Novice: 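My questions will all concern the structure given below.
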Amino acid sequence: MAFTALTDKRVAVFFAAGFEEVEAIAVVDLLFRAGIPCDMVSITNNLQVTSSREVTVTCDRTIEDDDFDFDAYDMLVLPGGIPGMPNLKACEPLCEALKKHAAEGRGVAAICASPSILAELGILAGKRATANPHFQQSVVEGGGILEAGERAVTDGNVITSQGMATATWFGLEIVKRYVSDEVVEHVKEGIVLMD
């Protein structure tokens, strides 16, 4: 299936060693199906990144590419996973870009353990949000309004979700931001989404 862009908005999904596979790839897959341009971006100078369960993927870009620019993307997305989340949190250029995006009202999204990064950066203050149950306290500590029972939560420009089993709903929340309801429904039918 060839990719057909339905928007000029772009999304970056960031890959760190130890990422959770489904949380990352499900989002990329849904964006492709919805016609939303997306780059898989490594946070090191190596395009190949190995997940927490020893699955290696090849990214499109790295943040160390000479022409890489966080501002080229409308949304920055953080998968979870351990040690993926701590590795993302240790990436200073990424954290600075997340703060800048959030301050400008541009999209930021995180799933599983990674909403804790947004919380520590002050991005969840006053926002409704969720996270993996083991990391939900970080939402509260960061000044967020915890929606503990929700699969995925959108509050303004911030999207959060709980984990691997909620990755489809997380991806669809991102998709809803950029395409029509008709496209969203078409994507749901294509993946046989059931409640």
Side-chain angles (χ1 to χ4, degrees), residues 6-7 9-16 18-41 49 51-53 55 57 59 73-82 84-85 88-89 94 98 101-102 106-119 121 123-124 127-136 138-139 142 144-181 183-195:
L6 298 180
T7 177
K9 303 296 185 184
R10 300 188 64 81
V11 174
V13 179
F14 292 92
F15 285 72
F19 71 92
E20 206 294 319
E21 302 86 347
V22 174
E23 294 166 4
I25 301 300
V27 171
V28 173
D29 178 279
L30 289 163
L31 291 168
F32 183 94
R33 290 170 184 263
I36 301 168
C38 171
D39 283 337
M40 296 166 52
V41 182
V49 184
S51 75
S52 59
R53 288 162 191 83
V55 176
V57 300
C59 291
Y73 299 95
D74 188 69
M75 177 169 278
L76 309 179
V77 180
L78 307 180
I82 302 293
M85 180 278 285
L88 290 171
K89 185 166 68 170
L94 174 58
L98 289 164
H101 257 62
R106 302 173 84 189
V108 294
I111 185 170
C112 194
S114 289
S116 67
I117 298 173
L118 304 185
L121 295 174
I123 293 169
L124 297 187
K127 298 273 190 184
R128 294 181 306 104
T130 193
N132 179 282
H134 296 292
F135 291 87
Q136 289 183 351
S138 68
V139 172
I145 302 158
L146 179 62
E147 299 281 353
E150 296 298 317
R151 295 170 175 155
V153 177
T154 297
D155 190 335
N157 60 321
V158 179
I159 300 172
T160 53
S161 186
Q162 293 205 30
M164 187 197 86
T166 64
T168 299
W169 285 272
F170 177 60
L172 287 170
E173 285 298 306
I174 297 170
V175 165
K176 288 177 190 176
R177 188 173 168 94
Y178 302 112
V179 294
S180 68
D181 290 345
V183 172
V184 173
E185 290 306 311
H186 180 73
V187 170
K188 286 182 179 178
E189 288 173 16
I191 64 172
V192 196
L193 184 68
M194 299 180 192
D195 279 335

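Count residues from 1 along the sequence. The structure displayed is predicted, hence computed values, not measured ones.
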Novice: Holding to ring pair (Phe, Tyr, Trp, His ring centres under 6.0 Å), I want the full list of residues that pass it with Phe170, two or more places apart in sequence or in another chain.
Specialist: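 So Phe170 forms no ring pair (Phe, Tyr, Trp, His ring centres under 6.0 Å) with any residue.
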
Novice: Using a 4.5 Å cut-off on heavy atoms from C-beta on, say whether the side chain of Glu23 contacts that of Val27.
Specialist: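 No, too far: nothing below the 4.5 Å cut-off.
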
Novice: Could you tell me whether the side chain of Thr130 reaches within less than 4.5 Å of the side chain of Val139, counting heavy atoms only?
Specialist: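 No - every pair of side-chain heavy atoms lies 4.5 Å or more apart.
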
Novice: Of all the heavy-atom pairs spanning Ala24 and Pro79, show the shortest one and how long it is.
Specialist: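 Nearest pair, atom of Ala24 first, then Pro79: CB-CG, 3.7 Å.
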
Novice: Going through the distances and angles, do Arg33 and His186 end up as a side-chain contact (heavy atoms from CB on, under 4.5 Å)?
Specialist: CA-CA 9 Å; Arg33 290 170 184 263; His186 180 73; over 6 Å; no

Novice: Evaluate the side-chain proximity of Phe15 to Ile25: yes if any heavy-atom separation is below 4.5 Å, no if none is.
Specialist: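 The answer is yes, as the side chains (C-beta and beyond) meet within the 4.5 Å cut-off.
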
Novice: What residues form a side chain to side chain donor-acceptor pair (under 3.5 Å) with Ser161, not counting sequence neighbours?
Specialist: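 Side chain to side chain donor-acceptor pair (under 3.5 Å) list for Ser161, sorted by chain: Thr166.
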
Novice: Mind checking side chain to side chain donor-acceptor pair (under 3.5 Å) for Lys9 and listing every partner two or more places apart, or none if nothing turns up?
Specialist: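 Residues passing side chain to side chain donor-acceptor pair (under 3.5 Å) with Lys9: none at all.
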
Novice: Is the shortest side-chain heavy-atom distance between Tyr178 and Leu6 below 4.5 Å?
Specialist: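 Contact flag for Tyr178/Leu6 side chains = no.
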
Novice: Counting only pairs under 3.5 Å, give me each side-chain donor-acceptor contact of residues 146-156, with atom names and distances, residues two or more places apart or in other chains.
Specialist:
from   : atom 1 : to     : atom 2 : distance (Å)
Thr154 : OG1    : Glu173 : OE1    : 2.6
Asp155 : OD2    : Arg128 : N      : 2.7

Novice: What's the verdict on side-chain contact (heavy atoms from CB on, under 4.5 Å) for Ile117 and Leu94, showing C-alpha distance, side-chain angles and the deciding distance?
Specialist: CA-CA 11 Å; Ile117 298 173; Leu94 174 58; over 6 Å; no

Novice: Where is the tightest heavy-atom contact between Ala102 and Val108, given as atom of each residue plus distance?
Specialist: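 So the two residues come closest at N-CG1, 4.3 Å.
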
Novice: Looking at every heavy atom in both Ile82 and Ala113, which two are closest together, and how far apart are they?
Specialist: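 That closest heavy-atom pairing would be CD1-CB, 4.4 Å.
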
Novice: With sequence neighbours left out, write down each residue that passes ring pair (Phe, Tyr, Trp, His ring centres under 6.0 Å) with Tyr73, or none if nothing qualifies.
Specialist: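 Applying ring pair (Phe, Tyr, Trp, His ring centres under 6.0 Å) to Tyr73 gives Phe68.
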
Novice: Roughly how far, to the nearest 0.5 Å, is the CG atom of Leu76 from the CG atom of Leu88?
Specialist: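 Between Leu88 CG and Leu76 CG, I get 11.5 Å after rounding to 0.5 Å.
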
Novice: Between Val28 and Cys38, which heavy-atom pair has the shortest distance, and what is it?
Specialist: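 That would be CG2-SG, 4.2 Å.
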
Novice: Taking all heavy atoms of Ile191 and all of Thr168, pick out the closest pair and write down the distance.
Specialist: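 Heavy-atom minimum between the residues: CD1-CG2, 3.6 Å.
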
Novice: When you look at CE of Met40, are more than 12 heavy atoms from neighbouring residues, nucleotides or ligands closer to it than 6.0 Å?
Specialist: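 Atom CE in Met40 is crowded, with more than 12 foreign heavy atoms closer than 6.0 Å.
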
Novice: Atom SG in Cys112, atom CD in Glu20: separation rounded to 0.5 Å?
Specialist: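 The CD atom of Glu20 is 7.0 Å from SG of Cys112, to the nearest 0.5 Å.
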
Novice: What is the distance from atom CG of Leu193 to atom CD of Glu185, rounded to the nearest 0.5 Å?
Specialist: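 The CD atom of Glu185 is 9.0 Å from CG of Leu193, to the nearest 0.5 Å.
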
Novice: Which pair of heavy atoms, one from Val49 and one from Phe19, lies closest together, and at what distance?
Specialist: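 Shortest heavy-atom separation between Val49 and Phe19 comes out as O-CE2, 3.7 Å.
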
Novice: Can you sort out the partners of Ser52 under side-chain contact (heavy atoms from CB on, under 4.5 Å), two or more places apart, ordered by chain and number?
Specialist: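 side-chain contact (heavy atoms from CB on, under 4.5 Å) check on Ser52 returns Glu21.
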
Novice: Name the residue from Val13, Leu31, Leu30 that meets the side chain to side chain contact (heavy atoms under 4.5 Å, CB included) definition with Ile174.
Specialist: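 Exactly one candidate clears the test, Leu31.
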
Novice: Checking side chain to side chain donor-acceptor pair (under 3.5 Å) between Asn157 and each of Arg177, His101, Lys127, Arg106, which is the one that passes?
Specialist: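 Checked Arg177, His101, Lys127, Arg106 against Asn157; only one passes side chain to side chain donor-acceptor pair (under 3.5 Å): Lys127.
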
